[in-house]
Amino acid sequence: PTGNTALVLSPPAAAPPLLLLGELSGEGAALPPGVLNILAGPPGLCQALRDHPEVTSVTFLGAPQEELQALVWGSPCRGPRLGSPQGGRIVVIVLDSADLDSAATAIAAAAATPLTLFPLGGCVVLAQDTVAAALERRLQARLGGLRLGNPMDPKTEVGPLPPGTHSPEKVVQEAQEEGAQVFQAPLPLLPEGGLRFYPPTLISGVALTSRCLRELVGAPGRAGLAGVPWGAFQGSSECPLPCQAPGPLLVLLPVRGPTEAVAVASALPQTVAAAVWAQDITVALDTADRIGESCGIANGLCSPPHSLQALREFGCPPWEQPPKVDEPLSSQVTLDDRGDPELAQAVAAARGAASGWGRLPGASRAQVLRGASAALVRVHKTPEDGDNGDTDRSLQRALLRWAAHAERAGGAVQEVPGGRALVTRRPLGVLGVACGSPRPLALELLAPALALGNCVVVVAPSGGVGAAQRLRKALVAAGLPGGALTVLPGSSRGSGSRLARQHPDGLWLCGGDTDCDWDSAVSVPRVWGVPAGLLGAPGQDPRPGAERELELRCTRSHCLWLPGGGP
Amino acid sequence: ELDWISKVYVNRPAVVRHAEQIKKWKTVQGNWQAAWLLKAVTCIDLTTLSGDDTPSNVQRLCFKAKHPIREDLLKALDMHDKGITVGAVCVYPARVSDAVNTLKAAGCNIPVASVAAGFPSGQTPLETKLAEIRLAVEYGAREIDIVISRSLVLTGQWGGLYEEIRLCRAACGEAHMKTILATGELGSLANVYKASMIAMMAGSDFIKTSTGKEVENATFPVGIVMMRAIKEYHWQTGYKVGFKPAGGIRTAKEAITWLMLVKEELGVEWLTPELFRLGASSLLGDIEQQIFYHVTGSYALQHELAMA
């Protein structure tokens with residue numbers, strides 16, 4: 001929909017429906033030729049796709065992302081941009097002041113018909129103790145009333161399992177053996193035709209370690225057609241990977257209160273959105289705010305089109321534009337297995353400082369940056385630094401510019417009939433920056449990271465450390481909390497991996513020879529290879545898109561959907 | 001059990017959204033539609049509540065109640081021997097004896113329902129309300145539709161409301177009691193839920209949405225909330241209380257949507273005249289039109305269908 005062309009790679013077994021789609025889009029839907037291309041072939045084609053210079057972004061569909069990506073991709077940050085995994089679960093928190101009937105209706109409806117933009121990995125319902133039993137009763141009534149049948153029939157609410165996916169039998173059986181209660185609506189008389197159906201199921205009384213919570217349980221990912229040109233590889237059913245179990249499966253967990261609900265929700269992996277049901281507005285907004293996922297919804301579950309519209313407007317993932325990466329792909333980086341106490345300490349200190357620094361109002365952070373800019377002039381330069389006045393001045397300008405930015409930073413409100421979406425950008429937390437030689441450390445990069453509330457740990461080769469330390473002194477003198485910026489010496493080779501292994505919230509790799517091996521990078525939610533020309537020549541203002549790019553890379557979006565008003 | 005209603009929360013936008021969804025449900029077609037329409041007919045409380053009611057128009061109403069659909073149409077559907085009549089005839093207390101006599105003379109067993117307790121506003125003293133109920137029962141009404149005092153709801157006097165309804169229930173004696181909540185005047189959906197609960201706890205056999213004389217009568221959000229209250233009461237106590245939407249239901253399509261909603265929220269057991277009624281007057285005319293169309297393929301002219 002946003003005007004990009006697509007190339008779809010699929011294994012031959014799954015090709016026919018895609019080829020039909022290609023055919024149909026040519027005739028009836030009137031897509032111009034070349035916009036949608038389907039290729040059926042072996043996994044090796046992925047390599048070719050990656051190496052092709054024109055491909056800008058890649059998304060994987062239909063199978064857990066990590067294993068496939070590791071098989072196919074060498075480096076997490078070079079080559080075309082990887083689309084974020086499209087599957088994910090929705091967490092619904094129902095508190096004691098909720099309208100239980102409306103919540104149960106919405107949950108059952110969402111579980112039955114997967115939302116196209118949040119392809120469901122299943123739905124986990126966290127209900128407060130006082131209302132858990134009443135909610136369970138209502139959910140059972142609703143699930144029992146869902147109509148299964150032929151997907152072509154407009155009255156059907158639940159369709160058959162998609163071909164090539166595994167039935168959730170095993171997962172449910174395992175849950176039962178662990179002692180959970182499983183409620184399944186009885187299957188009605190079903191149409192013939194080789195369609196497999198699975199009844200709507202509600203599992204309650206499971207432990208947090210149960211398989212149905214660890215794995216994604218729900219419909220497999222749908223194609224995310226919006227965004228940059230992508231190629232997609234669809235997992236085949238022969239893949240020996242833990243498969244997602246599709247079908248309307250709900251897991252119900254009791255919690256004691258809103259605080260516990262937030263804690264449990266944060267501990268569930270791969271959550272894509274969270275909904276909070278509570279009529280007490282203070283509790284509802286507070287809980288929705290504290291949930292870390294990118295999309296919080298208060299008292300509703302059918303909002304995604306609007307909220308994602310809002311996200312798209314304000315440039316949040318997965319529609320970010322990637323930078324043009326002009327460095328060549330480097331070979332696999334060897335792992336360095338020494339323990340890293342210094343780095344671990346630095347990251348721990350940064351994490352400690354992150355909540356305080358991140359929560360300060362933008363104006364306070366701006367003040368610190370301005371103070372640092374003034375202080376930079378006064379800090380003595382030593383001959384080893386090898387800096388010249390130009391770099392200093394551009395650094396000062398950058399600090400001032402980003403101070404102004406920090407003051408202005410805020411969010412946006414998108415109003416549509418039916419409610420409004422509040423979109424804000426929050427700091428990532430702890431940002432690791434690995435710098436390489438021979439390029440001097442681009443200190444201007446640190447300005448946006450700090451201004452927008454992150455705490456940064458920098459690993460730089462010895463030549464660049466001096467300048468960074470001066471900057472740090474100036475910032476600390478102006479009031480930066482300890483631990484918010486740490487600079488450590490280290491060789492550029494392997495520094496990316498070292499940082500990644502400490503699990504920061506984001507990782508930037510600057511410099512041609514910095515790289516990160518896949519295993520470490522998988523644990524970091526955001527890895528970015530900073531392109532060389534991003535900030536322009538020293539002494540000049542950066543490119544127009546660069547500021548926006550930096551802003552997007554330092555923060556993650558948070559969207560809160562508030563329903564209200566007429567539909 | 002006042003604590004049942006102290007923690008009632010109703011999310012208005014969610015309920016309204018659900019109601020909008022319901023309006024978009026595709027309605028049934030063909031033979032199924034005719035069947036549902038006939039079911040709707042058996043659930044209608046044929047009503048006339050005007051200042052200018054006299055024995056003659058009440059009589060006409062009773063005849064229509066006995067034969068709601070033209071004989072030949074029923075024969076075409078092969079339903080002429082199933083005893084299709086409306087659920088009840090609903091009139092003012094002063095006209096109850098006329099209705100009872102007419103129906104007796106016609107040899108028909110349809111109950112006569114009377115409105116009482118200061119219909120439609122309910123702003124009369126409790127003694128006169130109870131007296132009115134007793135007199136209506138004496139005149140032969142087998143069902144009484146009472147009206148609650150909205151002021152008690154709006155001022156939060158739940159105990160007082162319970163007492164009032166309980167006394168009315170006692171005054172009804174053997175007669176079957178429907179409690180009209182007048183939801184258009186209750187202010188919020190949470191109040192509707194709470195009033196429904198109190199009415200059921202105090203012994204109502206049915207809860208009814210409105211008098212038909214308010215600005216806003218039976219709408220889907222209100223119906224959904226009341227049905228959820230009925231379901232909850234059934235879960236808690238095992239008693240099944242009936243539901244009657246009244247006022248503003250004029251088309252056959254709306255009637256079918258109400259039936260579908262009842263099936264969805266309450267279940268199939270509620271789809272019987274003992275647990276579901278439609279309070280309507282012109283609705284019957286529209287249903288008859290739709291059945292005429294189903295049987296003959298064209299719509300009837302005004303003189304071809306008997307007036308109610």
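Residue numbering restarts at 1 for every chain, and letters A, B, ... go by the order of the sequence lines.
Proximity to chain B (any heavy atom under 4.5 Å) is shown, for A/Arg138, by both the backbone and the side chain. Residue A/Thr105 touches chain B through its side chain alone, counting heavy-atom pairs closer than 4.5 Å. If you measure heavy-atom distances from A/Ala134 to chain B, you find no contacts under 4.5 Å at all. For B/Glu265, the part lying under 4.5 angstrom from a heavy atom of chain A is the side chain only.
For B/Tyr9 against A/Ala98, the heavy-atom pair with the smallest separation is CB-O, 3.8 Å.
When the shell of 6.0 Å around CD1 of A/Ile281 is examined, it contains 12 or fewer heavy atoms from other residues, nucleotides or ligands. In this structure, A/Phe183 places its CZ atom where more than 12 heavy-atom neighbours from other residues, nucleotides or ligands lie under 6.0 Å away. Counting heavy atoms of neighbouring residues, nucleotides and ligands inside a 6.0 Å radius, atom CH2 of B/Trp32 does not exceed 12 of them.
Annotation: the span from A/Asp96 atom CG to B/Lys7 atom NZ amounts to 8.0 Å, rounded to 0.5 Å. For the atom pair CD of A/Gln279 and CZ of B/Arg12, the computed distance is 11.5 Å after rounding to the nearest 0.5 Å. Note that OH of B/Tyr193 and CG of A/Asp99 are 8.5 Å apart. Values are rounded to the nearest 0.5 Å.
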Can B/Arg228 and A/Ser102 be said to form a side chain to side chain donor-acceptor pair (under 3.5 Å), step by step?
CA-CA 10 Å; B/Arg228 286 176 178 174; A/Ser102 296; 3.2 Å; yes

